[in-house]
Amino acid sequence: MAQGYSIFIGLVIVVALCVASWFFAPKGENQVLWRSSLILSCVSCYLMWAITFLAQLHPLIQPKRGDLREAFLEG
């Protein structure tokens, strides 16, 4: 079963990737563009994953069965 601490593990991995992309970006006149692109893509992917993961970890709406007759739903 998924636990809430995996969000923090993912955050540590993404921070490590961002630091690595800061130091290992190719040197040259486009270095700032490379750094910005790599860091923004890592952060964007992490945010999308974290929002999706948390939405499934604690859903707002409880699923309802649609195959039951109304007589069984009240009793």
Sequence neighbours excluded, the answer for side-chain contact (heavy atoms from CB on, under 4.5 Å) partners of Thr52 is Met48, Gln56

With sequence neighbours left out, the residues meeting side-chain contact (heavy atoms from CB on, under 4.5 Å) with Leu54 are Ile7, Leu57

May I have the list of side-chain donor-acceptor pairs in residues 8-16 shorter than 3.5 Å, sequence neighbours left out?
none

Closest non-hydrogen contact found for Ser6 with Trp49 is O-CH2, 3.6 Å

Please set out all donor-acceptor pairs under 3.5 angstrom arising from side-chain atoms of residues 18-32, sequence neighbours excluded.
from: Ser21; atom 1: OG; to: Leu17; atom 2: O; distance (Å): 3.3
from: Ser21; atom 1: OG; to: Cys18; atom 2: O; distance (Å): 2.8

Applying the 4.5 Å side-chain criterion to the ILVMFWY set and letting contacts propagate, would Phe53 and Tyr46 be lumped into a single cluster?
-> yes

Tracing side-chain contacts under 4.5 Å among Ile, Leu, Val, Met, Phe, Trp and Tyr outward from Trp34 reaches Leu38

